[in-house]
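Remember, it's 1-based here, ligands and their atoms both numbered in the order they're listed.
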Amino acid sequence: MHTQVAIVGAGPAGLLLGHLLHLAGIDNVIVERHDRRYAEERIRAGVLEQGTIDTLDEAGVGERMHREGLPHEGIELLFDRKRHRIDLNALSGGRAIVVYGQHEVVKDLIAARAESGQALLWEASEVAIHGLDGERPTVTCLHAGERVEIACDYIAGCDGFHGICRPSIPEGALKVFDRIYPFAWLGILAEAEPSSHELVYANHERGFALFSMRSEKVTRLYLQCEPDEDIGNWSDDRIWAELHTRLETDDGWKVNEGPIVQKGITPMRSFVCEPMQYGRLFLAGDSAHIVPPTGAKGMNLAVADVRVLSKALIAHYTTHDDAKLKAYSDTCLKRVWRAEHYSWWMTSMLHRFPESTPFMDRVQRSELAYVTSSEAGGRVVAENYVGLPFSE
Ligand code: APR
Ligand code: PHB
């Protein structure tokens, strides 16, 4: 098999890259380890920044997002039993977010892929990449009982944090920056009408909690928990009791309960590898970087990488200009590090750290009071949350 760009991984990064290249007439093949159902049903985060919304629109895959997604113009920070609104729209020059599950974005992109007729090999095993230093790299795998070899010009490593692309880069060629947090998030989806129109991020003495949603009938909730938490220890009753405690307010606002249809634990880490490229391999999305979910940046960063990579590949194929491919890693890393800082900062401001001291608790509270009372402070939260504009 021959193609121009071989893409490893059919998450948001791989699927969107495949679609943007297809729209520009660039042939590509996607190789994915799991089946279609797994990709479409895996519950992940759900906040789309303005730039992500614009990119999906430009790619012609934003129609259902606008129809079913929930536009939000603010978020709330809860501490000392009070909710404080951050007006995202007013503080960011009119930008906003849409709450729309990542797996819904994935479904829309898979539908576009099916329509394009370009190859997507589901359930590929033994995926490996070769010849990154040369002019003709290859991707090999086992698919439907057959050995497949895909010869290509470039490989896009969109296979997430646990994929094979980043580890295929020779040791010593990458620098890794890593931070593991001493807690995780326990997340649930509940069939309950959201009791607020906006997301609520809570700092409570028992730990962080987040109120979010997926639709007018489904609430998404998270609790800070131990990093090695056993989900078996969390009965539905215990989860609701803890959520009510951490999200309790003086004005009597309460989370609505309903049947819990999904439960999971999300580890919290920050991770960046530099550069995001080696020879003919370009890393995009979680394969190159991870952020803790507090800033809602994960999928948005993946989309931003792919936007840069698609433009660089299009420049290569249409005008033989490789300047953007050469600059790919540096261009992406500027936004990546902004998001790394923001996600780390929001995480630090909102969670309980085991090593915290009474002094640090007071400092944390003072910071929350500042960002919710000063316009300058609110702007820092808002303009990063909605995402900085793309430079092109
Ligand atoms: N071969 C083929 N596919 C693979 C392999 C492999 N060896 N390893 C992993 N994959 C696939 C996974 O099954 C998954 O479908 O790569 C895909 C990677 O998708 P994501 O993990 O969703 O990563 P990405 O597309 O970069 O999207 C980033 O995901 O983790 C969230 O918060 C993050 O929202 C962000 C988004
Ligand atoms: C979610 O709805 O899943 C969500 C929202 C905001 C976050 C993280 C996750 O910061």
Any protein N/O atoms within less than 3.5 Å of an N/O atom in ligand 2? List the atom names and distances, or say none.
residue  : atom   : partner : partner atom : Å
ligand 2 : 2 (O)  : S212    : OG           : 2.6
ligand 2 : 2 (O)  : R214    : NH1          : 2.8
ligand 2 : 2 (O)  : R214    : NH2          : 3.4
ligand 2 : 3 (O)  : R214    : NH2          : 2.8
ligand 2 : 3 (O)  : Y222    : OH           : 2.6
ligand 2 : 10 (O) : Y201    : OH           : 2.7
ligand 2 : 10 (O) : P293    : O            : 2.8
ligand 2 : 10 (O) : T294    : O            : 3.4

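For the residue pair D153 and H316, no side-chain donor N or O sits within less than 3.5 Å of a side-chain acceptor on the partner. Judged purely by distance below 3.5 Å, without hydrogens or angles, the side chains of T249 and R83 never pair a donor atom with an acceptor atom. For the residue pair Q224 / H351, no side-chain donor-acceptor distance below 3.5 Å is found, with atom types taken as modelled. A donor-acceptor contact closer than 3.5 angstrom links the side chains of T3 and D27.
Nearest protein heavy-atom neighbour of atom 25 (O) of ligand 1: A13 N, 3.0 Å. Of all protein heavy atoms, the one closest to atom 29 (O) of ligand 1 is Q102 NE2, 3.2 Å. Among all protein heavy atoms, the one lying closest to atom 14 (C) of ligand 1 is E32 OE1, 3.5 Å. Among protein heavy atoms, atom 3 (N) of ligand 1 sits closest to R33 N, 3.2 Å. In this structure, the protein non-hydrogen atom closest to atom 19 (O) of ligand 1 is G11 CA, 3.5 Å. The nearest protein atom to atom 9 (C) of ligand 1, hydrogens excluded, is given as D159 O, 3.2 Å; this is a heavy-atom distance.
With a 4.0 Å cut-off on non-hydrogen atoms, D286 touches ligand 1 through its backbone as well as its side chain. Here A124 has no heavy atoms under 4.0 Å from ligand 1, in either its backbone or its side chain. Heavy atoms of E123 found under 4.0 angstrom from ligand 1: none, in either backbone or side chain. Contacts with ligand 1 closer than 4.0 Å are made by side-chain heavy atoms of V8 only, the backbone lying farther away.
Seen from the ring of F161, R166 counts as a face-on cation partner, given the 6.0 Å and 45° thresholds.
Those atoms of ligand 1 that come under 4.0 Å of a heavy atom in I164, given as number and element, are 7 (N). The distance from ligand 1 to the heavy atoms of C158 drops below 4.0 Å at these ligand atoms: 16 (O), 17 (C), 18 (C). Listed by number with element, the atoms of ligand 1 under 4.0 Å from a non-hydrogen atom of G160 are 18 (C), 21 (O), 23 (O). When each atom of ligand 1 is checked for a heavy atom of V31 under 4.0 Å away, the hits are 2 (C), 3 (N). Each of the atoms 14 (C), 15 (O), 19 (O), 20 (P), 21 (O), 22 (O) of ligand 1 lies under 4.0 Å from some heavy atom of R42.
Of the options G285, G163, P12, G298, the smallest heavy-atom separation from atom 27 (O) of ligand 1 is shown by P12.
Taking CE of M360 as the start and CZ of R352 as the end, the distance is 11.0 Å to the nearest 0.5 Å.
No salt bridge links E191 with K217; every basic N to acidic carboxylate O contact stays at or beyond 4.0 Å. We find that E123 and R36 are not joined by a salt bridge, their nearest charged nitrogen and carboxylate oxygen being 4.0 Å or further apart. The residues K297 and E340 are annotated as not salt-bridged, no charged nitrogen and carboxylate oxygen being separated by less than 4.0 angstrom.
Other residues, nucleotides and ligands place more than 12 heavy atoms under 6.0 Å from the CZ atom of R67. In this structure, H66 places its NE2 atom where more than 12 heavy-atom neighbours from other residues, nucleotides or ligands lie under 6.0 Å away. By the 6.0 Å contact criterion, CD on E355 is enclosed, its count of non-hydrogen atoms from other residues, nucleotides or ligands being greater than 12.
The nearest pair of heavy atoms linking S287 to D159 is CB-OD1, 3.7 Å. Between E49 and V386, the shortest heavy-atom distance links the atoms CB-O, 3.3 Å.
Here's the thing with R44: one of its N/O atoms is less than 3.5 angstrom from an N/O atom of ligand 1. Looking at S287 next to ligand 1, no N or O pair under 3.5 Å apart turns up. Among the atoms of Y38, none of the N or O lies under 3.5 angstrom from an N or O of ligand 1.
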Salt bridge (Lys or Arg N to Asp or Glu O under 4.0 Å) between E41 and R37, worked out: CA-CA 6 Å; E41 292 183 0; R37 201 166 153 193; 3.3 Å; yes
